[in-house]
Amino acid sequence: MSDHPANAVGQVEPAAIELEAATRRLMGALDALESAVERRREADRDEDELATRIQALGADRSRLADELDGSLMKSRKLERANREIAERLDVAIGTIRAVLNGGGDHDEDAEE
């Protein structure tokens, strides 16, 4: 009968050791899972922040494109106005020269 209590104690100890080892493995797995979840949350936060930045950059791009379009239209209007003014100045200069030369031609014609 003395063998039974020794066997029972001997059998309990390996079971307890195995249970303790399994518990440690489970705790390690839970810690690893918790770390993975935290990394995933951080990655999601980073992804959300990146999406927000991309959206802001898209809005800035649209605004800048609109400003550029407006500037191009103004530039074209200014170029057109500049050409019109240059043409009018050429006509005015031509008229003034014609008057000055014509007045001189009339004097020369009159003398001849």
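On a predicted model such as this, the values are computed, not experimentally measured, just so you know. Positions are given from 1 along the sequence. The basis for the numbers below is simple: all heavy atoms, side chains too, and nothing from hydrogens, waters or symmetry mates.
- Distance check: Glu42 CD to Arg45 CZ gives 6.0 Å after rounding to the nearest 0.5 Å.
- For Arg97, there are no salt bridge (charged side-chain N to carboxylate O under 4.0 Å, His left out) partners two or more places apart in sequence or in a different chain.
- Evaluation of the salt bridge (charged side-chain N to carboxylate O under 4.0 Å, His left out) rule for Arg76 yields no partner, not counting sequence neighbours.
- One distance of note links CG of Leu78 with CG of Asn82; it measures 8.5 Å at 0.5 Å rounding.
- Membership of the apolar cluster around Leu30 extends to Leu26, Met27, as traced through chained side-chain contacts below 4.5 Å between ILVMFWY residues.
- Between the side chain of Ser62 and the main chain of Gly58, a donor-acceptor pair closer than 3.5 Å is present.
- Other residues, nucleotides and ligands place more than 12 heavy atoms under 6.0 Å from the CD atom of Glu38.
- Hydrophobic side-chain contacts under 4.5 Å tie Leu57 to no other Ile, Leu, Val, Met, Phe, Trp or Tyr residue.
- Connectivity analysis of hydrophobic side chains (ILVMFWY, heavy atoms under 4.5 Å, direct or indirect) links Ile54 to Leu50.
- Evaluation of the side chain to side chain donor-acceptor pair (under 3.5 Å) test over residues 23-33, restricted to residues two or more places apart or in two chains, returns Glu20-Arg24.
- Every residue meeting the side-chain contact (heavy atoms from CB on, under 4.5 Å) condition with Val91, not counting sequence neighbours, appears here in chain and number order: Thr95.
- Applying the salt bridge (charged side-chain N to carboxylate O under 4.0 Å, His left out) test to residues at least two apart or on different chains, none of the pairs has a partner in residues 78-90.
- Interatomic distance, CG of Leu64 versus CG of Leu68, reported as 8.5 Å (0.5 Å rounding).
- Under the side chain to side chain donor-acceptor pair (under 3.5 Å) criterion, Arg40 pairs with Asp44, sequence neighbours left out.
- Taking Glu49 as the reference, Arg53 meet the salt bridge (charged side-chain N to carboxylate O under 4.0 Å, His left out) condition, with sequence neighbours excluded.
- Evaluation of the side chain to side chain donor-acceptor pair (under 3.5 Å) rule for Glu67 yields Arg63 as partners, not counting sequence neighbours.
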